[in-house]
Amino acid sequence: MASEAVQSEQRRAKLDELIALGVSPYPVRFDRTDTVSALVARYGETSGPDLEAARPETRAAGRILSMRTFGKANFLALSDGLTRLQVYVRADSMPERDFEIFKRLDLGDTIGVSGRMFRTKTNELTIFASGIEFLAKCLLPLPEKWHGLTDIETRYRQRYLDLIVNPDSRRVFEARAKIVAGIRQFLNARGFLEVETPMMQPIAGGALARPFTTHHNALDLPLYLRIAPELYLKRLTVGGFEKVYEINRNFRNEGISTQHNPEFTMLEFYEAYVDYQHLMTMTEEMLVDVARSVTGGAETTFNGHQISFAAPFRRLSLRHAAAEAASERLGRPVSEADLRNREKAAEVARALHFEVQPSHGAGKIATTIFEGLWEDQLIQPTFVYDFPTEVSPLSKQKPDDPDTVERFEMYAGGFEVANGFSELNDPVEQRRRFEDQLKDRAAGDAEAHQMDEDYVRALEYGLPPTGGEGIGIDRLVMLLTGSPSIRDVILFPLMRPRED
RNA sequence: GGGCCCGUAGCUCAAUUGGCAGAGCAGCAGACUCUUAAUCUGUUGGUUGAAGGUUCGAUUCCUUCCGGGCUCACCA
């Protein structure tokens, strides 16, 4: 029998044999002199004769990912997770005890190898083993060596297995780390201060979304997992931190899709004395900088599209673009003025088969039309700017147009990546906007903003003119790594628990 | 939450119109002193996601449930 349970039994039996030989089954440490990656980096270009002359000694460790045995001459592939290196094992070149260990090894076991570097007859860089130490047992059979692990569900549920056998998966998460590091470097170099603000908040503000709820026992206090750090970061700008940012998790109790995970990572940054125009320029600089650090250039391939982060990004005025697309779709003229008129805008939306709720004003309807007609076509990085005030409770109005705010969203790959605006810093107007939100809330909109008295008070102390922006890190990583699902760029995406 | 699709050995996949559940890898036993998905000989391994139903007979058809994928809605 060789079901999984039986194979596991067989592996355990080999471990018991090692114990009987006096081998420690789970030793505490192995003093390696080099990682496998370091050895390949150092000797990857060194010729066989040069290695024979130098005979460099090493102690390396890793997981066995393949074995080819020939009785007396044996080869195995040792991996440090990042790189593979061949090990040559022969009975007459190591203590008998070490060869007894070797004979009882399974694919997936972790070992330490001491020996010297050389090249085989086929010129492959190899450790000529003079000793083997057993370091950890793999009690379960690994996925197949050639096809790897392709089952999507298993890859997400058992990410460790995915990482062992699928190097491409590992590369995505290495790229993710580079992207985040690149963003920090970019902001730090410009004098931004990284801060941490509450994940648990008495009022879930800063965005329009349903929160997760929790409870603090000692204080008997209902709390929300934050949906955004925005209102806390702006309090810090009131406090005199003129350039702040935070890279951390947000939690939104909404649907799961290829572009949504209930917890996701967001960069938010705020800079005093700048407006949304400045933010757009800065975003172009940041993204091309980060793209270069990951892909080597400004280009990436996503869902079969070649995407370029080279500046300048396309710019579309929301109402203008919505009117233009609606005109084209309906075959009759629709003007921006029409989209500012509630009745006319609603009529256009219905003609386009978009849902219009009684509580929706002209601004919400114009935004719905825009998103419905444009969003999935915005493959190249595009700034959509000048949003209706109605859908932007925290943004500052344009000086000459109170129905429009200085706000933009950046789209790429067919979805929203960033959202930024000139911050509303008039406490009277902010209170009025919150009150509008409360009306929506009373009308049943669970995503409408709550009143935050302390935030209004902070504004009363005076927030300087400030620009602020959020960038969805997961989505940016999707674009820069060519990953079609957000679950491919989150190590442990949320899954429904499975009964084992 | 709605619609469509998927679930067969540890892994990757087959199975004709409803007619004996199979292969490769891994495993096990053996051969082999430079292999590269090593090769060769032999061999183990299945509650076909679960429970019902139709049928002489179900991996196959039907129902329900479980898990997943895509998509729509919500949203970032």
Side-chain angles (χ1 to χ4, degrees), chain A residues 1-11 13-14 48 65-77 84 86-93 106-108 118-126 128 138-158 161-162 164-166 206-211 227-228 250-268 354-355 368 371-372 375-376 391 409-411 415-419 445-447 470-476 478 484-487 493 495-500:
Chain A
M1 297 190 296
S3 65
E4 185 184 39
V6 170
Q7 291 192 50
S8 181
E9 279 300 308
Q10 291 165 344
R11 284 167 177 250
K14 290 183 189 175
L65 290 185
S66 75
M67 273 197 282
R68 291 180 289 278
T69 64
F70 296 84
K72 296 198 176 81
N74 308 279
F75 297 90
L76 47 84
R84 293 186 184 199
Q86 184 166 263
V87 177
Y88 182 47
V89 177
R90 42 187 301 164
D92 57 8
S93 298
D106 282 306
L107 285 183
F118 82 116
R119 282 187 185 274
T120 61
K121 287 175 184 170
T122 53
N123 204 36
E124 178 160 348
L125 184 67
T126 303
F128 196 127
C138 178
L139 287 170
L140 295 169
L142 290 179
E144 203 218 7
K145 61 185 173 186
W146 187 241
H147 298 95
L149 178 67
T150 61
D151 182 74
I152 290 175
E153 184 178 351
T154 309
R155 288 184 52 221
Y156 294 155
R157 286 190 190 275
Q158 295 176 257
L161 257 192
D162 181 36
I164 289 170
V165 298
N166 294 331
L208 307 179
R210 287 174 190 244
I227 56 175
N250 288 346
F251 307 86
R252 298 189 184 175
N253 204 342
E254 282 159 358
I256 293 176
S257 77
T258 50
Q259 283 144 40
H260 301 85
N261 195 63
E263 55 178 309
F264 63 102
T265 301
M266 181 94 117
L267 159 71
E268 283 205 14
F354 295 129
E355 193 185 347
T368 299
E371 287 173 353
E375 182 165 11
D376 57 4
V391 296
E409 288 184 346
M410 197 211 84
Y411 288 80
F415 50 73
E416 183 188 340
V417 175
N419 175 23
D445 182 354
E447 287 160 8
I471 297 181
I473 298 297
D474 312 274
R475 290 181 174 183
L476 182 61
M478 287 168 65
S485 170
I486 199 168
R487 293 179 147 189
M495 305 283 282
R496 192 184 291 277
R498 199 177 45 184
E499 302 161 32
D500 282 318

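Worth knowing before you read on, the calculation uses all heavy atoms, side chains too, and leaves out hydrogens, waters and symmetry mates.
- To the nearest 0.5 angstrom, A:Asp474 atom CG is 9.5 Å from A:Leu476 atom CG.
- Whole-Å rounding puts the A:Glu124 CD to B:rU35 P distance at 11 Å.
- Rounded to the nearest Å, the gap between the P atom of B:rU63 and that of B:rC5 is 11 Å.
- Heavy atoms of A:Gly255 sit under 4.0 angstrom from at least one base atom.
- Spacing between B:rC66 and B:rG52 at atom C1', rounded to whole Å, works out to 15 Å.
- A:Ser3 has no side-chain polar atom (N or O) that falls below the 4.0 Å cut-off from OP1 or OP2 of B:rA9.
- We find that CZ of A:Phe70 is positioned 10 Å from P of B:rU39, with the value rounded to whole Å.
- Straight-line distance from the CG atom of A:Leu140 to the C1' atom of B:rC11: 13 Å, rounded to whole Å.
- Nucleic acid contact for A:Tyr88: base, since at least one base atom lies under 4.0 Å from a heavy atom of the residue.
- Look at A:Lys145 and you'll find a side-chain N or O under 4.0 angstrom from OP1 or OP2 of B:rA26.
- In this structure, A:Asp151 reaches the sugar-phosphate backbone alone: every heavy-atom distance under 4.0 Å involves primed, P, OP1 or OP2 atoms, never a base.
- Formation of a donor-acceptor pair under 3.5 Å by the A:Asn419 side chain with backbone atoms of A:Gly470 is not found in this model.
- Side-chain atoms of A:Glu4 do not come within 3.5 Å of backbone N or O of A:Leu140 as any donor-acceptor pair.
- The base of B:rU35 is paired with the side chain of A:Thr120 by a donor and an acceptor separated by under 3.5 Å.
- Within 4.0 Å of A:Phe128, counting heavy atoms only, lies no atom of the nucleic acid at all.
- Atom OG of A:Ser66 and atom CG of A:Leu142 lie 11.0 Å apart (nearest 0.5 Å).
- For A:Arg68 and B:rA38, the shortest distance from a side-chain N or O to OP1 or OP2 is below 4.0 Å.
- A donor-acceptor contact shorter than 3.5 Å links the side chain of A:Arg252 to the backbone of A:Ile227.
- Note: A:Thr126 OG1 to A:Arg119 CZ = 8.0 Å, rounded to the nearest 0.5 Å.
- Between A:Arg475 and B:rA76, a side-chain N or O to OP1/OP2 separation shorter than 4.0 Å is absent.
- With rounding to whole Å, A:Leu142 atom CG is found 10 Å from B:rG27 atom P.
- Going from the C1' atom of B:rU8 to that of B:rC4 covers 22 Å, rounded to whole Å.
- Across B:rA76, B:rC32, B:rG27, the shortest atom-to-atom separation from the side chain of A:Gln10 is found for B:rG27.
- Rounding to whole angstrom units, NZ of residue A:Lys14 and P of B:rA26 are separated by 12 Å.
- Going from the C1' atom of B:rG30 to that of B:rG22 covers 25 Å, rounded to whole Å.
- When the P atom of B:rA26 is taken as reference, atom CD of A:Glu4 falls 17 Å away, rounded to whole Å.
- Within the 3.5 Å criterion, the main-chain N or O of A:Leu149 finds no donor-acceptor partner in the side chain of A:Asp162.
- Remark: ring of A:Phe415 not stacked against base of B:rA76; the cut-offs of centroid gap under 5.5 Å and plane tilt under 30° are not jointly satisfied.
- The side chain of A:Arg157 contributes an N or O atom lying less than 4.0 Å from OP1 or OP2 of B:rG68.
- A:Glu263 places none of its side-chain heavy atoms less than 4.5 Å from the side chain of A:Asn250.
- Judged by distance alone, the side chain of A:Glu144 and the main-chain N or O of A:His147 form a donor-acceptor pair under 3.5 Å.
- Contact check, A:Ser257 against B:rC70: no side-chain N or O comes under 4.0 Å of OP1 or OP2.
- Backbone-only contact: A:Thr258 has heavy atoms under 4.0 Å from sugar-phosphate atoms and none from a base.
- Distance, A:Asn166 CG to B:rC11 P: 13 Å, rounded to whole Å.
- Checked against B:rG69, B:rU35, B:rA76, the side chain of A:Phe75 finds its nearest nucleotide in B:rU35.
- Only the C1' atoms considered, B:rA38 is 15 Å distant from B:rG24, to the nearest whole Å.
- Mapping A:Leu149 and A:Lys121 onto RNA chain B via the closest heavy atom, the residue that lands nearer the 5' end is A:Leu149.
- Residue-level contact check: A:Asn253 touches neither bases nor backbone, having no heavy atom under 4.0 Å from any strand.
- Side-chain proximity of A:Gln7 to the nucleotides B:rA76, B:rA37, B:rG27 is greatest for B:rG27.
- Across all strands, A:Glu144 comes closer than 4.0 Å to base atoms (heavy-atom distances).
- Here A:Arg496 does not reach the OP1 or OP2 of B:rC66: none of its side-chain N or O atoms lies under 4.0 Å away.
- At the heavy-atom level, A:Gln259 lies under 4.0 Å from base atoms of the strands shown.
- In this structure, the side chains of A:Ser485 and A:Tyr156 come closer than 4.5 Å at one or more pairs of heavy atoms.
- Heavy atoms of A:Gln86 sit under 4.0 angstrom from at least one base atom.
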> Reading RNA chain B 5' to 3', how would its secondary structure be written in dot-bracket notation, given Watson-Crick and G-U pairs with both distances under 3.5 Å, brackets [ ] for crossing pairs and | for partners on other strands?
Replying inline: (((((((..((((.....[..)))).(((((.......))))).....(((((..]....))))))))))))....

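- Contacts of A:Met495 with the nucleic acid, taken as non-hydrogen atoms under 4.0 Å apart, involve only primed sugar atoms and P, OP1 or OP2.
- Judged by distance alone, the side chain of A:Arg475 and the main-chain N or O of A:Ala418 form no donor-acceptor pair under 3.5 Å.
- Of the P atoms belonging to B:rC6 and B:rC40, the separation is 36 Å, rounded to the nearest Å.
- Using a 4.0 Å heavy-atom distance criterion, A:Gly470 is classed as making no nucleic acid contact.
- Straight-line distance from the CD atom of A:Gln158 to the P atom of B:rG68: 14 Å, rounded to whole Å.
- Separation of the C1' atoms belonging to B:rG3 and B:rG46 is 34 Å when rounded to the nearest angstrom.
- Nucleotides B:rG57 and B:rG19 are separated by 7 Å at their C1' atoms, to the nearest Å.
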